[in-house]
Amino acid sequence: MVSPLLLSTTSANELQTHLYAAFLGRRTADVALRIRGAWCAVYNLHRVVLIQSGFFRSLFTAGFSEATPRLHSHQFGPEEIEVIFDDHNITRAAFEICIARLYGGGPQLYIPSSLTPNTTCPLSSSFFEGLSWSERPEAHHPASPRFLLSLLATALYLSIPSIASQALSCILSTIGPYTAVKYLDFALGHHIGPPGEIDLEAAVGLEHVAQTHDGDESDLSDDALDEDGRIHEQLPQQMANLHIRKESPEASESDRSAGGRARSYYGAISDKIGEACACWLARWAPDMLTCEELLEGIVPSPSSEPSGIARAGNAFVKRIRTGPQGTPRIWRQGGLSARWVCALVSADTLFVHGELGRYDFARRVVELRRRGVIEKEDEIQWTNMFEHGIYYENMTMEDIVKLSQDTSPTTQQPFVPLRTLQSALWRQSVLRMRITSKSSVFSSDVSRAVPSTPTEKGLGIGLSTSELRSTPSTEEGDSQTYFPIPDDFSTRSGGLFNNKLPVTTMEELYEYLRSPSFSTRVSSPTGVNASLSSRPSNIKLPASESTFFGLLPPRCNRSTYLQCDPGGERKWTSFPPCRFSVEFWDLDHLKEKLRLHSQTVWYAGSLFNVYVQVMKKKRQVQLGIYLHRQSSIDPVPGASIPSPLLCQDVMDGSSLQDERHTRFHKNSFSAAVMTSRTPPTRQSSTSTRSMPDVSSLSSAPVSAGSSQSSSNHGVYSLPATGNPIAPRQPYRDPRSTISAYFTIHLASATGTSQSWFSSAPDEFAISQSWGWRTSSLRTEEFIEVRDDDAGPPTNLFGSEVSLRATVVLGFI
């Protein structure tokens, strides 16, 4: 006896097969869609199938004239309806696949594995070996980056959430050197560009479903649009509900894409893609710059950060040059715009060691751009970048003096105006006086916008919006930059974290993309839990084109801080925070509760470093990251470094040339630049912010003598640490306890997302730490999760994953 459920399932499958066969054969159609857009064709389709799309459901059921069949004029065939696609990102292949999916069929999409970053090769293997489509199955459609963007645009226009979700996931999972700028341009509203060699005009297997007409124009004619460049009222105007904006053809050139087409903006979808690309660029910026310099014949200076690519040497450059796709253009002419270069240089999340490294990075980018044509508009951007994008107050006086003498080899002009450096020295001296002296020269008169007198723990340099509002308006005061003092706050930005998207309705999809990625809880030193604030405006600017998708650091002047804080409760400081980046290697080999430190930095009289710990709780691995105030008397710990065994210059002189070494050498664009994985997933596990239990920790550095070679195996102990290097200390803060706020931006392994942990001012005693411990960051990206009795890690030569983070630290 056959189950009724089996019968119903079989019937459903047969019905789907029957409908799809009718679609392929253009049989029994009751509507003929005459498409006009980037291509022109007629499709014989079925209303009952099309209304699965929100666009066609509105067209056929929302009271438009198309809802009533005009049988008297179409007695011998389906009714013909003209549909005009004014979005030039909609292509024939993408449209045909969307329609085929409504019928339950269509070709499978093929994305080559070489296009997708992974833990073995975070920049994707196409970066080294080129992108090959030779392994594409015959019946699969090639899903090139251009096609994925077109598929997303088409699914959004037609309001098919399942296809839009799939396309968005594919785009976010293929962000890399060759796609980051292209995807970013799409997020900015630019056209997807001309088809490449792999881009097919029609979808694979659906070449005959369209009836093309040679006499039709291949683009929108002027009479199809009204005077504002918008589509006539003959089509359902549901684009506003889907947050799709069509701009007027009269828009300025800065708001237009190549080819003179109006820009297309897809709301939260565009912002999500732009945010993920911004995260990726901030993480990989220095690596990509070094790559492009090498390809231009520029030998990176010894101070260039990071130095990993230089270790790869000529073999790496040869692989890039011989790749079929050519060299990715990010920092050179034809890559990012000057405005975006300036935004990245100014970003708190840019992975550079400190402000001096940020200046060196900006200098190298500008000189690389000047090797081509010197654009007057770009020079204006460079001037603004060097004046406002770098915090010279946090450099030593010796470095500032050197910068004042540094001139461009191309223009023979200094990079930084002397007045900017002089102002930085003045503010640096004022901060030093406040830290080292309790002089009565500091007034508490808020009417003059002068911070209060320093206290035992605080410097008195924090002011509320209400206090600033009460100050008289002056030209100098109105132009003063203020930096927000954050509250306790945690969020995520960039790519997806659960690799899933809701697919019920378009409204749910957009709402999901706008919602905070995760929340967490904090623990005070007394152990009292409190919910973290969920107000991104307090710490993180909204991800939109106007904020460069969250890259702009949160700072204001008089005209803006009054607007963003009408309640007058926010705290501000006129002294810029200290920004530095840290990197940790081989966390697979970090034993539980031991510390792996970063380099130690000096800031405003105190030493700071960051360390990580691995902790296990009920078979759950947690990763802790902490900001530590280092004692000026105790020896500084050695910083985490990549294992020398994984560097090519060591390997070439070694007798160890087995397959495992070859894999490291081949798949890492630098054997010293570790890699990445998929973005973190959303999990229900909580994150805690607390002081670690010092009694349970080892007081010694995690890997003393770890850089020494083992004679038994010819390998280095992991994780490896370098020689302790104490930074120069121009002066010391005499206070035993200070009040400091900080934010840690933790990049995902592939770089397409970031986790932000922000702390309101905390008291830092000497040798005290504050930070977070969490299992919601997908720690398996950086740590091999295994049972306690499983023995050592299977990879004796270390993981190819580095954990990168940037820190923003300030005093009040």
Side-chain angles (χ1 to χ4, degrees), residues 2-35 39 41-62 64 66-71 74-83 85 90-110 137-141 143 147 150-152 154-167 200-212 235-236 238 503-506:
V2 181
S3 169
L5 179 60
L6 180 60
L7 285 175
S8 62
T9 303
T10 304
S11 299
N13 293 336
E14 291 177 349
L15 178 60
Q16 177 178 315
T17 302
H18 171 73
L19 290 174
Y20 187 61
F23 163 66
L24 294 178
R26 304 197 300 271
R27 299 191 301 269
T28 64
D30 59 355
V31 62
L33 297 183
R34 178 174 291 273
I35 302 299
W39 83 108
V42 176
Y43 295 86
N44 292 331
L45 304 171
H46 306 80
R47 292 173 183 259
V48 69
V49 175
L50 291 179
I51 60 173
Q52 297 175 90
S53 156
F55 177 87
F56 291 111
R57 182 166 58 252
S58 176
L59 181 67
F60 294 138
T61 65
F64 295 98
E66 289 79 6
T68 303
R70 289 167 287 183
L71 298 178
H74 296 276
Q75 298 179 3
F76 302 102
E79 177 187 1
E80 187 173 288
I81 296 178
E82 186 176 52
V83 176
F85 288 141
I90 298 177
T91 62
R92 174 182 171 181
F95 174 77
E96 290 175 350
I97 285 183
C98 285
I99 296 300
R101 292 290 189 267
L102 296 179
Y103 282 86
Q108 295 296 317
L109 302 184
Y110 173 75
E138 183 177 356
H140 286 56
H141 188 88
F147 171 81
S150 178
L151 184 65
L152 176 62
T154 307
L156 293 175
Y157 198 106
L158 298 179
S159 186
I160 310 177
S162 59
I163 301 178
S165 300
Q166 179 192 15
L200 304 178
E201 179 182 3
V204 171
L206 304 178
E207 295 85 356
H208 305 295
V209 298
Q211 301 176 35
T212 58
L235 291 181
Q238 66 171 6
V503 296
T504 306
T505 65
M506 295 300 299

Check step by step if side chain to side chain contact (heavy atoms under 4.5 Å, CB included) holds for Leu50 and Leu59. CA-CA 10 Å; Leu50 291 179; Leu59 181 67; over 6 Å; no
Could you tell me which non-hydrogen atom of Ala155 sits nearest to which non-hydrogen atom of Ala164, and how far apart they are? CB-N, 3.5 Å
Run Phe85 and Leu158 through side chain to side chain contact (heavy atoms under 4.5 Å, CB included) and show every step you take. CA-CA 10 Å; Phe85 288 141; Leu158 298 179; 4.2 Å; yes
Look only at the side chain of Gln52 and the backbone of Val49, and say whether a donor-acceptor pair between them is shorter than 3.5 Å. yes
With side chains defined as the heavy atoms from C-beta onward, is the minimum distance between Ile90 and Trp39 less than 4.5 Å? yes
With side chain to side chain contact (heavy atoms under 4.5 Å, CB included) as the test, would you mind laying out the steps for Leu200 and Glu207 before giving the verdict? CA-CA 10 Å; Leu200 304 178; Glu207 295 85 356; 6.0 Å; no
For Tyr43, all residues meeting ring pair (Phe, Tyr, Trp, His ring centres under 6.0 Å), sequence neighbours excluded: Phe95
Please walk me through it: do Phe147 and Leu109 pass side chain to side chain contact (heavy atoms under 4.5 Å, CB included)? CA-CA 10 Å; Phe147 171 81; Leu109 302 184; 3.7 Å; yes
Checking the side chain of Thr17 only, and the main-chain atoms of Asn13 only, is there a donor and an acceptor separated by less than 3.5 Å? yes
Name the orientation class of the two ring planes belonging to Tyr157 and Phe55 (parallel below 30°, tilted from 30 to 60°, perpendicular beyond 60°). tilted
Pro107 to Val204 - nearest heavy-atom pair and separation: CG-O, 3.3 Å
Taking the side chain as every heavy atom from C-beta outward, state whether His141 and Ile97 have any atom pair closer than 4.5 Å. yes
Of all heavy-atom pairs between Gly105 and Tyr20, which one has the smallest distance, and what is that distance? CA-CE1, 3.6 Å
Going by heavy atoms in the side chains, are Arg92 and Ile35 under 4.5 Å from each other? no
Minimum heavy-atom separation for Glu96 to Ala210, with atom names? OE2-CB, 3.7 Å
Side-chain donor-acceptor pairs of residues 21-33 under 3.5 Å, sequence neighbours excluded:
residue	atom	partner	partner atom	Å
Arg26	NH1	His208	O	2.3
Thr28	OG1	His46	NE2	3.3
Asp30	OD1	Arg47	N	3.0

Closest non-hydrogen atoms of Ala93 and Ala202, given as atom of the first, atom of the second and distance, are CB-C, 3.9 Å
Is it the case that the side chain of Ser150 and the backbone of Ala94 share a donor-acceptor pair, with hydrogens and angles ignored and the cut-off at 3.5 Å? no
Leu102 side, atom CG; Leu19 side, atom CG - distance, nearest 0.5 Å: 11.5 Å
Can you tell me how far OG of Ser165 sits from CG of Leu152, rounded to the nearest 0.5 angstrom? 9.5 Å
